[in-house]
Asks: 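Take this structure, written in structure tokens, and hold onto it; I'll ask about it next.
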Amino acid sequence: MRQFIGTMAVVVACSALASIAAAQVNPLPVLPPKPYPPAPRLGDGTPNLGQIEPNKGYWHLSQFQDYKQVLLHPGEIPYQPWAKALAMQRRADLSKWDPQGYCMPPSGPRLMTTPFPMEILQLPEQKRIVMIYEGGTHIWRVIYMDGRAHPASEDLNPTWLGHSVGRWEGDTLVVDVVGYNEGSWIDMVGDPHTDRLHLIERFTRKDLYTLRYEATIDDPGAYTEPWTVGFDIVWDPKGEIQEYICQENSPWMRRLFTEIRERVDRK
């Protein structure tokens, strides 16, 4: 069943790209001239990664379909042979089987390259951080900041978003994630991962309008060594997250059901 779901996920990549572009109605914000004001801070001195004015502002995510666009090091994605063959086949298929096209959750760094707004809510008294994503099936993730370790491997329940623990390294939030299932793609063109994926993310608010994001993908099941992507994200000081239901009016979903019906009818 897992293989069937993964295989039947997205059928028309061109239509998918068009629908994503049409759905994203939040244009890039118009920012003031540089230099930008410094990054804001919370009362305890911790960098504020979220709003500075109640109910105003979000991070304006951009789409990078192929992570070669934002690869920091090494110079090429260090695939294992099977992973490269699968990634190249998915590219040749124009990503038509992409699970996210049928409203399955993105995970890992792809959460940060689904082109819809996101917010970061810091809850220091509760010792956790919550990230809310308008896109990607309108999902959220919790990052535990209480110093806990990950559950033992035998106790981990593999999930789409994994298990996240965070810590501060100076002004950078470092998030360590394990416990992924194998249902998602790392990027839109189809770079795979296994349930051995270990992700290290770094969030640094460089100034009021700029969030630096870097992610190191360490998956010995699919790659010969860790590799890192990185890019800047823009703050929209006037934006407010809206309701977005991926399943509504989805051309990919309609196409999937049509193909299933046609296959059943042929039998």
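Nothing here was measured: the structure is a model prediction, and the numbers come from that model.
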Asks: Identify the two heavy atoms, one from Pro226 and one from Pro74, that lie closest to each other, and give their separation to 0.1 Å.
Replies: O-CD, 3.6 Å

Asks: If you measure from CG on Leu161 to CG on Asn181, what distance do you get to the nearest 0.5 Å?
Replies: 9.0 Å

Asks: Under the side chain to side chain donor-acceptor pair (under 3.5 Å) rule, collect the residues that match up with Glu225, sequence neighbours excluded.
Replies: none

Asks: Does Glu182 use its side chain to pair, donor to acceptor, with the backbone of Asp195 at less than 3.5 Å?
Replies: yes

Asks: Could you label the plane-to-plane angle of the Tyr213 and Phe231 rings as parallel, tilted or perpendicular, counting under 30° as parallel and over 60° as perpendicular?
Replies: tilted

Asks: With a 4.5 Å limit on heavy-atom distance, are the side chains of Ser107 and His193 in contact?
Replies: yes

Asks: Considering all heavy atoms of both residues, which atom of Glu134 and which atom of Gln242 are nearest to each other, and what is their separation?
Replies: OE1-N, 2.8 Å

Asks: Heavy atoms, side chains only, cut-off 4.5 Å: are Pro29 and His60 in contact?
Replies: yes

Asks: Apply the test side-chain contact (heavy atoms from CB on, under 4.5 Å) to residues Val174 and Glu201: give CA-CA distance (whole Å), side-chain angles for both, the deciding distance (0.1 Å), then the verdict.
Replies: CA-CA 6 Å; Val174 180; Glu201 299 172 288; over 6 Å; no

Asks: Under the rule for side-chain contact (heavy atoms from CB on, under 4.5 Å), what residues qualify as partners of Pro38, not counting sequence neighbours?
Replies: none

Asks: Report yes if the side chains of Tyr180 and Leu199 come closer than 4.5 Å at any heavy-atom pair, otherwise no.
Replies: yes

Asks: Let me confirm one number: the CG-CD1 distance from Leu211 to Ile120, rounded to the nearest 0.5 Å.
Replies: 5.5 Å

Asks: Got a sec, which residues hit side chain to side chain donor-acceptor pair (under 3.5 Å) with Glu240, two or more places apart in sequence or on another chain?
Replies: Lys56

Asks: For the atom pair CD1 (Ile143) and CG (Leu121), what is the distance rounded to the nearest 0.5 Å?
Replies: 10.5 Å

Asks: Under the rule for salt bridge (charged side-chain N to carboxylate O under 4.0 Å, His left out), what residues qualify as partners of Asp146, not counting sequence neighbours?
Replies: Arg148

Asks: Is Tyr133 reachable from Val234 through a run of hydrophobic residues whose side-chain heavy atoms are each under 4.5 Å from the next?
Replies: yes

Asks: Taking side chain to side chain donor-acceptor pair (under 3.5 Å) as the definition, give me every residue that meets it alongside Thr194, ordered by chain and number, with sequence neighbours left out.
Replies: Asp219

Asks: Which pairs count as side-chain hydrogen bond (donor to acceptor under 3.5 Å, both in side chains) when at least one residue sits in residues 27-44, sequence neighbours excluded?
Replies: Arg41-Asp171, Asp44-Thr46

Asks: Heavy atoms only: give me the nearest Val142-Arg128 pair and the separation to one decimal.
Replies: CG1-CD, 4.1 Å

Asks: Which residues pass the side chain to side chain donor-acceptor pair (under 3.5 Å) test with Thr113, not counting sequence neighbours?
Replies: Tyr67

Asks: Who are the salt bridge (charged side-chain N to carboxylate O under 4.0 Å, His left out) partners of Arg90, not counting sequence neighbours?
Replies: none

Asks: Are the side chain of Thr224 and the backbone of Pro78 linked by a donor-acceptor contact shorter than 3.5 Å?
Replies: yes

Asks: Working to the nearest 0.5 Å, report the span between OH of Tyr223 and CD1 of Ile77.
Replies: 6.5 Å

Asks: Compare all side-chain heavy atoms of Pro115 with those of Leu61 and state whether any distance is below 4.5 angstrom.
Replies: no

Asks: May I ask whether Ile186 and Leu71 are part of the same hydrophobic cluster, defined by side-chain heavy atoms of I, L, V, M, F, W, Y residues being less than 4.5 angstrom apart, directly or through others?
Replies: yes

Asks: Do you reckon Val70 sits in the same ILVMFWY cluster as Ile233, going by side-chain contacts under 4.5 Å, direct or chained?
Replies: yes

Asks: Taking everything shown except Trp140 itself, do over 12 heavy atoms lie less than 6.0 Å from its CH2?
Replies: no

Asks: Are the side chains of Arg205 and Thr210 in touch, meaning some heavy atoms are under 4.5 Å apart?
Replies: no

Asks: Taking all non-hydrogen atoms of both residues into account, name the closest pair between Gly50 and Gln122 and its distance.
Replies: N-OE1, 3.8 Å

Asks: Working to the nearest 0.5 angstrom, can you tell me the gap between Ile139 CD1 and Cys103 SG?
Replies: 11.5 Å

Asks: Between Arg141 and Ser164, is a side-chain contact (heavy atoms from CB on, under 4.5 Å) present by the stated rule, with each step listed?
Replies: CA-CA 8 Å; Arg141 60 185 294 206; Ser164 298; 3.1 Å; yes

Asks: Give me the atom names and distance for the closest heavy-atom approach of Ser184 to Pro105.
Replies: CB-O, 4.0 Å

Asks: Going hydrophobic residue to hydrophobic residue with side-chain gaps under 4.5 angstrom, can you get from Val165 over to Ile200?
Replies: no

Asks: Considering residues at least two apart in sequence or located in another chain, which fulfil the ring-ring contact (aromatic ring centres under 6.0 Å, His included) criterion with Trp160?
Replies: none

Asks: What is the distance from atom OG1 of Thr159 to atom CG of Asn157, rounded to the nearest 0.5 Å?
Replies: 6.5 Å

Asks: Is Ile129 close to Leu123 at the side-chain level, that is, under 4.5 Å between some pair of heavy atoms?
Replies: no

Asks: Is Arg91 paired with Asp191 through a side-chain N to carboxylate O contact shorter than 4.0 Å?
Replies: yes

Asks: Let me see the working for Met118 and Met131 under side-chain contact (heavy atoms from CB on, under 4.5 Å), right down to the final yes or no.
Replies: CA-CA 7 Å; Met118 67 88 67; Met131 297 185 178; 4.1 Å; yes

Asks: List in chain and number order the residues that pass salt bridge (charged side-chain N to carboxylate O under 4.0 Å, His left out) with Arg196, two or more places apart in sequence or in another chain; answer none if no residue qualifies.
Replies: none

Asks: Apply side-chain contact (heavy atoms from CB on, under 4.5 Å) to residues Asp187 and Asp66 and explain how you reach the verdict.
Replies: CA-CA 6 Å; Asp187 54 18; Asp66 188 336; 4.2 Å; yes

Asks: What pairs with His163 under ring-ring contact (aromatic ring centres under 6.0 Å, His included), at least two apart in sequence or on another chain?
Replies: Tyr144, His150

Asks: Taking everything shown except Glu125 itself, do over 12 heavy atoms lie less than 6.0 Å from its CD?
Replies: no

Asks: Is a donor on one side and an acceptor on the other found under 3.5 Å between the side chain of Gln80 and the backbone of Pro220?
Replies: yes

Asks: Does a salt bridge link Arg212 with Glu214, judged by any charged N lying under 4.0 Å from a carboxylate O?
Replies: yes

Asks: Could you tell me which non-hydrogen atom of Pro47 sits nearest to which non-hydrogen atom of Trp168, and how far apart they are?
Replies: O-CH2, 3.8 Å

Asks: Under 4.5 Å between any side-chain heavy atoms of Ser95 and Trp185, yes or no?
Replies: yes

Asks: Is there a donor-acceptor pair under 3.5 Å between the side chain of Trp227 and the backbone N or O of Tyr79?
Replies: no

Asks: What residues form a side-chain contact (heavy atoms from CB on, under 4.5 Å) with Asn55, not counting sequence neighbours?
Replies: none

Asks: Please tell me whether Met88 and Ile217 are part of a single hydrophobic cluster in this structure, the criterion being side-chain heavy atoms less than 4.5 Å apart.
Replies: yes

Asks: Using a cut-off of 6.0 Å, state whether more than 12 heavy atoms not belonging to Glu169 lie near its atom CD.
Replies: yes

Asks: Heavy atoms, side chains only, cut-off 4.5 Å: are Gln63 and Thr114 in contact?
Replies: no

